[in-house]
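Okay, structure first, notes after.
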There are 2 protein chains.
Amino acid sequence: MDKQQVLTILKDRGYKFTPQRREIIEKLVKGGEPLSVKELLEQLRDKFPELSPDTVYRTLKVLCNLGIVCTIGHQGKKTTRYKISVGLHHHHLVCISCGRSFCMAYCPMEGIARTLAQQANFKVVEHAFEILGYCSDCRVN
Amino acid sequence: MDKQQVLTILKDRGYKFTPQRREIIEKLVKGGEPLSVKELLEQLRDKFPELSPDTVYRTLKVLCNLGIVCTIGHQGKKTTRYKISVGLHHHHLVCISCGRSFCMAYCPMEGIARTLAQQANFKVVEHAFEILGYCSDCRVN
DNA sequence: ACCCTAATTAAGATTATTCTTATTTAATAA
DNA sequence: TTATTAAATAAGAATAATCTTAATTAGGGT
């Protein structure tokens, strides 16, 4: 997903283009390691010395809701990080030693959520799933 | 799980009994709706006017790690809540309208985590899973 | 080009949670 | 009972994230 694609999606949904938003998207589409809000702020400080954290959080929330970025580390173990989503809905394996994250090959929830929810007559809106442990580099044995 | 059982587990693991800890456990074993840290503090204010939030958070963390209490609302949607664990490891359906939570009948992760992790040569330590949506009372249709 | 309006912004307050530090205390051994 | 020590505590600082408010601005229509 490149910058143009993201901007097109935003436009279609009626969001405005602001310089701040453009730059945040710019940083994210570059890829690489998932970024924290703090890191994004640091990277954007020269261009927007008064960029407020709230603007970054708000923009990220919009992008999350549109499925453009995904979130890693909800679990409160470390600071939440964000990265451009690689298309399909998916979850992460998060290493509690080095902090790196790895995409799961597939999302095991689709059928399961339906089944579990049916039992409780519960209308599923979203689900959160994350596995924490040690990655191949960090595992001891 | 009653208070004695909890205290026995703590004793076995070498934790100390403090009046604060006893009271926090007392409130939790009563059952009922899952409690937030704020609610716990309010309920304990008359007995311990200077109880610090940190003490509550610390005690809850210990109890979580021992599997004695479980955590609801990790997802950052609302304040995290805690309740005595009903034995087996499990997850929750959380209503985004009324905020109530419901236990899932089983944990769908056991086999899945193993499979997913194997593919990545990842050693699983724990996982987080939560379904958000509307409960039977709150769903519109 | 100019105006209008709803969306977006910065700033700062607020809340939830964790961390640091110095003090207190529970459990254990003498 | 007293002394010892490791664990637990309160207080307050620090961090992450959200909310409130008033000012600014992008985009659409004139």
Side-chain angles (χ1 to χ4, degrees), chain A residues 6-25 34-42 44-66 69 71-82 94 96 99 128, chain B residues 6-26 34-42 44-66 68-69 71-82 94 96 99 128:
Chain A
V6 175
L7 292 179
T8 302
I9 296 173
L10 286 175
K11 174 149 225 157
D12 286 351
R13 303 301 195 92
Y15 289 100
K16 292 183 178 174
F17 295 167
T18 64
Q20 294 93 330
R21 208 161 257 188
R22 282 170 192 276
E23 280 302 316
I24 292 169
I25 292 165
L35 296 167
S36 67
V37 168
K38 200 174 162 199
E39 288 161 352
L40 274 168
L41 281 168
E42 281 160 10
L44 297 169
R45 195 162 35 204
D46 41 348
K47 270 210 175 112
F48 303 99
E50 18 218 49
L51 182 62
S52 100
D54 195 52
T55 297
V56 178
Y57 280 112
R58 222 170 341 92
T59 299
L60 288 169
K61 184 166 286 180
V62 168
L63 297 173
C64 278
N65 290 342
L66 295 174
V69 313
T71 292
I72 297 155
H74 254 225
Q75 283 20 85
K77 307 289 167 182
K78 307 212 175 184
T79 299
T80 307
R81 289 173 182 279
Y82 304 85
V94 180
I96 51 184
Chain B
V6 176
L7 293 180
T8 302
I9 295 173
L10 286 175
K11 174 149 225 158
D12 286 352
R13 302 302 194 90
Y15 290 99
K16 292 182 180 176
F17 295 167
T18 64
Q20 294 93 329
R21 207 161 258 188
R22 282 170 193 275
E23 281 301 316
I24 292 168
I25 292 166
E26 182 105 13
L35 296 167
S36 68
V37 168
K38 200 176 162 197
E39 288 161 351
L40 274 168
L41 280 168
E42 279 160 11
L44 296 169
R45 196 161 34 200
D46 42 347
K47 269 209 177 114
F48 303 99
E50 18 216 52
L51 182 61
S52 100
D54 195 53
T55 297
V56 178
Y57 279 111
R58 224 172 337 94
T59 299
L60 287 170
K61 183 166 285 181
V62 167
L63 297 173
C64 279
N65 289 342
L66 295 174
I68 294 167
V69 312
T71 292
I72 296 156
H74 254 227
Q75 285 19 86
K77 307 290 167 184
K78 307 211 173 185
T79 299
T80 308
R81 289 174 181 279
Y82 304 85
V94 180
I96 52 184

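What you see is a predicted model; the values in this text were computed from it and never measured. A note on names: the letters A, B, ... follow the listed sequences, proteins ahead of strands, and every chain is numbered from 1.
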**OP:** Could you state the atom-to-atom distance from CZ of A:Arg81 to P of D:dA16 in whole Å?
**Re:** 10 Å
Original post:
D:dT25 C1' sits how many Å from A:Phe48 CZ, rounded?
Top reply: 13 Å
Original post:
Does B:Arg21 make a side-chain N or O approach to OP1 or OP2 of D:dA7 shorter than 4.0 Å?
Top reply: no
Original post:
Is the phosphate of D:dA10, meaning OP1 or OP2, less than 4.0 Å from a side-chain N or O of B:Gln20?
Top reply: yes
**OP:** Give the minimum heavy-atom separation between B:Val56 and B:Val37, together with the two atoms involved.
**Re:** CG1-CG1, 4.0 Å
Original post:
Taking atom C1' of D:dA6 as reference, at what distance in whole Å does atom CZ of B:Arg13 sit?
Top reply: 18 Å
**OP:** Would you mind reporting whether A:Thr71 and A:Leu60 have side-chain heavy atoms less than 4.5 Å apart?
**Re:** no
Original post:
For C:dA7, does OP1 or OP2 lie under 4.0 Å from any side-chain N or O of A:Thr18?
Top reply: no
Subject >> Qualifying salt bridge (charged side-chain N to carboxylate O under 4.0 Å, His left out) pairs, either residue in residues 45-65 of chain B, two or more places apart >> reply: B:Glu23-B:Lys47, B:Asp54-B:Arg58
Original post:
Listed in order of residue number, which residues of residues 51-62 of chain A have a non-hydrogen atom at under 4.0 Å from DNA chain C?
Top reply: A:Leu51, A:Ser52, A:Asp54, A:Thr55, A:Arg58
**OP:** Specify the residues of residues 35-42 of chain A, ordered by number, for which at least one heavy atom lies under 4.0 angstrom from an atom of DNA chain C.
**Re:** none
**OP:** Report the distance from atom CZ of A:Arg21 to atom CG of A:Leu7, rounding to the nearest 0.5 Å.
**Re:** 10.5 Å
Subject >> Interatomic distance, B:Lys11 NZ vs C:dT28 C1' [rounded to whole Å] >> reply: 11 Å
Original post:
Less than 4.5 Å apart, any side-chain heavy atom of A:Ile9 and any of A:Tyr15?
Top reply: no
Original post:
Would you say B:Thr59 and B:Gln20 make side-chain contact, with heavy atoms under 4.5 Å?
Top reply: no
Original post:
Atom OH of A:Tyr15 to atom C1' of D:dT25: distance rounded to whole Å?
Top reply: 18 Å
**OP:** Taking the side chain as every heavy atom from C-beta outward, state whether A:Ile25 and A:Leu10 have any pair of such atoms under 4.5 Å apart.
**Re:** yes
**OP:** Go through D:dA26, D:dA17, D:dA6 for me and flag the one nearest to the A:Pro19 side chain.
**Re:** D:dA26
Subject >> Side-chain heavy-atom pair A:Leu40, A:Leu51 within 4.5 angstrom cut-off >> reply: no
Original post:
Any side-chain heavy atom of B:Leu66 sitting closer than 4.5 Å to one from B:Arg13?
Top reply: yes
**OP:** Between A:Gly14 and B:Phe17, just flag the one whose closest nucleotide in DNA chain C comes earlier from the 5' side.
**Re:** A:Gly14
Subject >> Whole-Å gap separating P (C:dT25) and CD (B:Glu50) >> reply: 11 Å
